[in-house]
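Taking it in order: structure first as structure tokens, then the write-up.
In each ligand, atom 1 is the first atom listed, and ligand 1 is the first ligand listed. All heavy atoms count here, side chains included; hydrogens, waters and symmetry mates do not. Since we're looking at a predicted model, the values are computed, not measured.
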Amino acid sequence: MAASEPALPAPPVLANDWALFLDVDGCLLEHAPTPQQVCVPERLGQRLCGIAAELNGALALVSGRSIAALDGLFPECAQLCVVGLHGLERRGAQTDRCAPEPPPALAAVLRESDRLLQTYPGACVEMSGPCLNLHWRAAPQAATAMTAFAEAALPRLSGYGLHRGAHGIEVRPGGSDKGSAIAELLQRPPFRGRRPVFVGDDPADECGFAVVNAHDGISVLVGRRANSAAHHGLPGPEQVRRWLGAQAQAA
Ligand SMILES: O=P(O)(O)OC[C@H]1O[C@H](O[C@H]2O[C@H](CO)[C@@H](O)[C@H](O)[C@H]2O)[C@H](O)[C@@H](O)[C@@H]1O
């Protein structure tokens, strides 16, 4: 987070004509050292279901995680529309989409990544369908080796791209992102004809901001970043949950 960036204005209060798209990690939930260690506040899932009902179903989680992982975090939300793996998979809005099968070479890359885990305790490798995420949030000293490993693996994975983050690198198939996933949902009931609102925190969310801005929607950056396309901002997940009415106001 670039704390020196000026704070963006807070988003307006929730309205019933919105189509609400919510990122998960770093937006609804505080980041944790590893993907498995995130905490889901009590009643958050329930509140998301309540908002979805108020919006006639027009609420979707839009995440880099798999739908299976999201269902594990939000078991109450099995009826909600969910976009997983940056748009490679989707449940809801009348048609489901399944992620492509992982190519055989990915299994070999996963096996080879084991040596990184031996060398860098705390580093973590997450395989989600056809996507491989190398995380070093809990082992910053692994950043260079994990980046080099992903770069070396890429030529073996046809149609794949690298997505670099501050605490990890992801190797995943091309062809979809959060922006295209949101644009597609906006063509379908129950989202069609509503004002799109997208809340997200990381650089992979910028394409979602661009799509909602192009539809006269509301883009909300969580945290601060230079050159974000978002027009509104909230400081962190706690404030996002408060804005959603999923957390009591601080005294
Ligand atoms: O699109 P999102 O919902 O923001 O998901 C993006 C990635 O989130 C998870 O990784 C991130 O959060 C972890 C828990 O806080 C953190 O340990 C890691 O450093 C972050 O990159 C998830 O594990 C990934 O699969 C998602 O792509």
Quick check for you: to the nearest 0.5 Å, what is the distance between Leu8 atom CG and Leu221 atom CG?
6.0 Å
Please check this pair: side chain of [X] against backbone of [Y], looking for a donor-acceptor N/O pair closer than 3.5 Å.
X      : Y      : value
Ser176 : His86  : yes
Gln187 : Glu184 : no
Trp243 : Pro12  : yes
Ser128 : Cys131 : no
Asp96  : Gly92  : yes

I need the contact type for [X] against ligand 1. Using non-hydrogen atoms and a strict under-4.0 Å cut-off, is it side chain, backbone, both or neither?
X     : answer
Val24 : both
Leu29 : neither
Asp25 : both

So which protein heavy atom does atom 24 (C) of ligand 1 come closest to, and at what separation?
Glu126 OE1, 3.4 Å
For atom 12 (O) of ligand 1, the closest protein heavy atom turns out to be His31 ND1, 3.2 Å
Looking only at distances, can you tell me whether any N or O atom of [X], backbone or side chain, sits closer than 3.5 Å to an N or O atom of ligand 1?
X      : value
Val38  : no
Asp23  : yes
Ser63  : yes
Arg137 : yes

Sub-4.0 Å atoms of ligand 1 with respect to non-hydrogen atoms of Thr34
14 (C), 17 (O)
Per-atom contacts, ligand 1 versus Asn133 - under 4.0 Å to a heavy atom:
24 (C), 25 (O), 27 (O)
Any Lys/Arg nitrogen of Arg172 or Glu126 sitting under 4.0 Å from an Asp/Glu carboxylate oxygen of the other?
no
Taking the basic N atoms (NZ, or NE/NH1/NH2) and the acidic carboxylate oxygens, is any pair closer than 4.0 Å for Glu76 and Arg43?
no
When you measure from the heavy atoms of Pro33 to every atom of ligand 1, does any distance fall below 4.0 Å?
yes
Do the rings of Phe21 and Phe191 sit parallel, tilted or perpendicular, given the 30° and 60° boundaries?
parallel
Proximal candidate to atom 15 (O) of ligand 1 [heavy atom criterion; set Pro237, Ala32, Ala69, Ala138]
Ala32
The option among Lys178, Gln37, Arg172, His135 carrying the non-hydrogen atom nearest to atom 21 (O) of ligand 1 is His135
